[in-house]
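The sequence lines fix the lettering, A, B, ..., with proteins before strands; numbering per chain opens at 1. The structure displayed is predicted, hence computed values, not measured ones.
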4 protein chains.
Amino acid sequence: MIAPLFDPENARDRLLAGAARLFHRKGYATATVREIGAEVGILSGSLFHHVRSKEDILFQVMDRVITAMLGDLEQALDQADTPHARLRALIQIELAYLHGPAADATAVLFHDWRALSEDRRAVLLAGRDAYFARWHQVLTDARAKGLIHADPMVARQLLHGALAWTSYWFRPGGTLDLAGLTDQTLALIAPPTGISGAPVS
Amino acid sequence: MIAPLFDPENARDRLLAGAARLFHRKGYATATVREIGAEVGILSGSLFHHVRSKEDILFQVMDRVITAMLGDLEQALDQADTPHARLRALIQIELAYLHGPAADATAVLFHDWRALSEDRRAVLLAGRDAYFARWHQVLTDARAKGLIHADPMVARQLLHGALAWTSYWFRPGGTLDLAGLTDQTLALIAPPTGISGAPVS
Amino acid sequence: MIAPLFDPENARDRLLAGAARLFHRKGYATATVREIGAEVGILSGSLFHHVRSKEDILFQVMDRVITAMLGDLEQALDQADTPHARLRALIQIELAYLHGPAADATAVLFHDWRALSEDRRAVLLAGRDAYFARWHQVLTDARAKGLIHADPMVARQLLHGALAWTSYWFRPGGTLDLAGLTDQTLALIAPPTGISGAPVS
Amino acid sequence: MIAPLFDPENARDRLLAGAARLFHRKGYATATVREIGAEVGILSGSLFHHVRSKEDILFQVMDRVITAMLGDLEQALDQADTPHARLRALIQIELAYLHGPAADATAVLFHDWRALSEDRRAVLLAGRDAYFARWHQVLTDARAKGLIHADPMVARQLLHGALAWTSYWFRPGGTLDLAGLTDQTLALIAPPTGISGAPVS
DNA sequence: GATGAATGAGGGTTCATTCAT
DNA sequence: AATGAATGAACCCTCATTCAT
């Protein structure tokens, strides 16, 4: 469903993928370029033939995720025809990125955001804003339809936080799979209508 | 409501408070001992009269939060007499720590957990486990009463993530205050309506 | 006679040789890695491309001496065919190391032994023990033949001490050369006269 | 026989004695003023009410030993009436200092000589020279009488080295006591006349 | 005399980055 | 492209020394 972000045939992509794996494991600040090299199978000096700096790696990894996520979200929302389905798509896409083939890069994007220099962060902000703008639309609609009962802006932050945090505790392959986690998340914020999710007004 | 974790009269406490502030701002790995010294108004060498190492600072900050949070949570739960009130207490306490006088230390506890060495982490695990055990009880009860509809374990992780993440975006003093944020969170996961939630007022 | 311990063509060996020179001059504890770097012509940070730590340098220097001395002692003893010649070989080898091309490293081995961590010392003990075991054999034999009159264990310690101490006062190139010092040492402990020592000539 | 160098009633003397003990155990460079304080039972800051600096401690310890040794040597030589007895006195005094009540301070004098700044060393040189001048006289006489067969200057250095080195391996209280060690040393360098020590000429 | 917080220089070590090979 | 020796700044920490209390 989610296309891989990095092409294993391409040397630079292998580098980015390995670095993302390492950053996910140890955090950007703690990972050293030597370790990145080891993860990819080259010496640290050789990294700099592919990237300008360590931070450049971080930037490129994040850039790929943002671009891809936005595209996949748009597509998923286009294919969803009810407010509830769109709400589910929001969660589904984010969880798919956080725990599918792009897991490392996505975790880095979410958890090491502050490690990026302000300048570089500004470059990515447009994509990030566009992504969350779609969230906002969906949540505003969901609230209008009585699916959720919190302010859309607040709901967006809370929901995104809840999902981002899953990278600390959730591992697919256990008794709970990705679909199950999606269901549980929906159950938490928008329980099946007719029981408790009935509109207030 | 939340008592300050650090005594401004005590030199070591001032150090811990300053370090927590800095760690919150820059992250543990990025903060240097020279910066900690500057934050407290002493030279870096003098830090080591009060603590054994940089990591020791992190440990002590975290230890204080865990101990205090557990105590406050127990007390708040004792005073809450309905499942809904206890659910609200869970959220209230965590948000009070994340955005009240203990905000820095709490953010450090949540976000820099991995920066602590495995040995040191093990020491704190007992307190952490006790804290979440109380969450589990409350959420299990809340589900039995129909207040929430997700698996308690999953709900705990999602809710905790949503709240922990607020330290990245929420600042009290704006149009939304702590009580408002608590309400919104409750509205998101346990809307006060229909058959599933006892009325708030 | 004594082969150089360090290969000037090899970068790490140059480092070890320079460090040994410095340790001999100032003592291990007093020498700084920055000074070692200066002695070798590189910056202190570059040292750590060749060795793991400052103590590692000390260890490797000592290891080389121990290994080489043992080898040379065995060979010298094999070529000596009388008890007196073997006694002379003991002294000759030790003085050759203390004042020949391996002088720095040997002085470090003898005088900075305690600076090595207990763990590292244990690794070298096997070689050291083997070396002194040969001394013991030779001295026991010398006593049986009436060449010396002290207990072999005590004689070994006294003689070794007397020789080790020469690195504080003896410099070859003066009126007394290495052969002369060897003769004098023999004259002190086993005078070539009367019934107790076989004639030298 | 050897009077204690430090008066336990005097605070500064207790400090010097404790420091000597520590320097003997760890070496001057490795011992810290904190450890010296701990050895004496005060905090490091308080040391500086009694001495000007860490090096000052070293100097004073050494000064005491040199002065006392010289006095005791003179007295012992005065009481010895044969060349052989005077030779024995040389050894006896040095071993008494190295392993009697002044053991710590003497070991420090011999083994940490280089740790003293050149200026301070110059101050002590007069005493040291006087001490060794007596050795020279005795050894010159002993050689003239055929007791030893090495050059007096070389013999002095070798013998002194052999004895100084005993602080690394000899511990009184074992099967070999101080008198025994003295005998063994004499046996090594000047075996009983009539057997091998007969004059050559 | 003793304390202990503070200093500030310097310790060993790490690390992103460069560059000749 | 890759290597690996070298850089140099910065890192955490130690330590002799000072000084107000």
Side-chain angles (χ1 to χ4, degrees), chain A residues 10-12 14-15 19 28-37 40-58, chain B residues 10-12 14-15 19 28-37 40-58, chain C residues 10-12 14-15 19 28-37 40-58, chain D residues 10-12 14-15 19 28-37 40-58:
Chain A
N10 180 289
R12 170 201 290 236
R14 274 198 310 276
L15 194 171
Y28 172 79
T30 310
T32 72
V33 293
R34 258 190 180 72
E35 291 170 322
I36 299 173
V40 186
I42 58 177
L43 288 182
S44 68
S46 309
L47 290 178
F48 296 87
H49 287 276
H50 301 98
V51 295
R52 222 181 299 279
S53 68
K54 186 189 171 193
E55 203 207 336
D56 198 31
I57 299 177
L58 183 63
Chain B
N10 181 288
R12 169 200 289 231
R14 271 198 310 275
L15 193 173
Y28 172 79
T30 310
T32 73
V33 293
R34 275 173 180 81
E35 290 171 323
I36 299 174
V40 186
I42 57 178
L43 288 185
S44 71
S46 308
L47 291 177
F48 297 89
H49 277 271
H50 304 99
V51 296
R52 229 180 290 280
S53 67
K54 185 190 171 193
E55 203 208 333
D56 198 30
I57 299 177
L58 183 62
Chain C
N10 180 288
R12 170 200 288 234
R14 273 198 311 274
L15 192 173
Y28 172 79
T30 310
T32 72
V33 293
R34 278 169 181 81
E35 289 170 324
I36 299 174
V40 186
I42 56 177
L43 288 186
S44 70
S46 308
L47 291 177
F48 296 89
H49 276 272
H50 303 100
V51 295
R52 227 178 291 281
S53 66
K54 185 190 172 193
E55 202 207 334
D56 198 30
I57 298 176
L58 182 62
Chain D
N10 180 289
R12 170 201 291 235
R14 274 199 310 275
L15 193 171
Y28 172 79
T30 311
T32 71
V33 294
R34 260 190 178 73
E35 290 170 322
I36 299 174
V40 185
I42 58 177
L43 289 182
S44 69
S46 309
L47 290 178
F48 296 87
H49 287 276
H50 302 99
V51 295
R52 223 180 298 281
S53 68
K54 186 189 171 193
E55 202 207 337
D56 198 31
I57 299 177
L58 183 63

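One can place CZ of B:R12 at 13 Å from C1' of E:dA5, the figure rounded to the nearest angstrom. Atom CD1 in B:I42 sits roughly 12 Å away from atom P in E:dG8 (whole-Å rounding). Per the geometry, CG belonging to C:L43 stands 14 Å off C1' belonging to E:dT18, to the nearest Å. Residue C:H49 contributes atom NE2, which lies 7 Å from atom P of F:dA5 at whole-angstrom precision. Rounded to an integer number of Å, the gap from A:L47 CG to F:dG4 P is 14 Å. Rounded to whole angstrom, the span from the NZ atom of C:K54 across to the C1' atom of F:dT14 amounts to 13 Å. Counting to the nearest Å, the P atom of F:dC13 and the CG atom of B:L58 are 12 Å from each other. One interatomic measurement links the two molecules: CZ of C:F48 to C1' of E:dA16, which rounds to 17 Å at whole-angstrom precision.
The minimum heavy-atom distance linking A:T30 with A:E35 is given by the pair O-OE1, 3.8 Å. The two residues B:K54 and B:A29 have their closest heavy-atom pair at NZ-O, 3.9 Å. Closest non-hydrogen pair, A:L47 versus A:V33, comes out as CD1-O, 3.4 Å.
Base-pair partner of E:dT3: F:dA20 (Watson-Crick or G-U wobble, both distances under 3.5 Å).
DNA chain E is contacted by both B:G45 and C:Y28; B:G45 maps to the nucleotide lying nearer its 5′ end (nearest heavy atom per residue). Position along DNA chain F of the nearest nucleotide to B:T30 versus D:T32 favours B:T30 as the more 5'-ward residue. In terms of position on DNA chain E, the residue among B:S44 and A:S44 whose nearest nucleotide sits closer to the 5' end is B:S44.
Contact check, D:S46 against E:dG1: no side-chain N or O comes under 4.0 Å of OP1 or OP2. Between B:H50 and E:dG4 there is no side-chain N or O to OP1 or OP2 distance below 4.0 Å.
Among the protein residues, B:A29 comes within range of no part of the nucleic acid, since none of its heavy atoms lies under 4.0 Å from any strand.
Taking the side chain as every heavy atom from C-beta outward, A:I57 and A:Y28 never approach each other to under 4.5 Å.
Below the 3.5 angstrom threshold, one finds a donor paired with an acceptor across the side chain of C:R34 and the base of E:dG12.
Rounded to the nearest 0.5 angstrom, D:H50 NE2 and D:N10 CG are separated by 8.0 Å.
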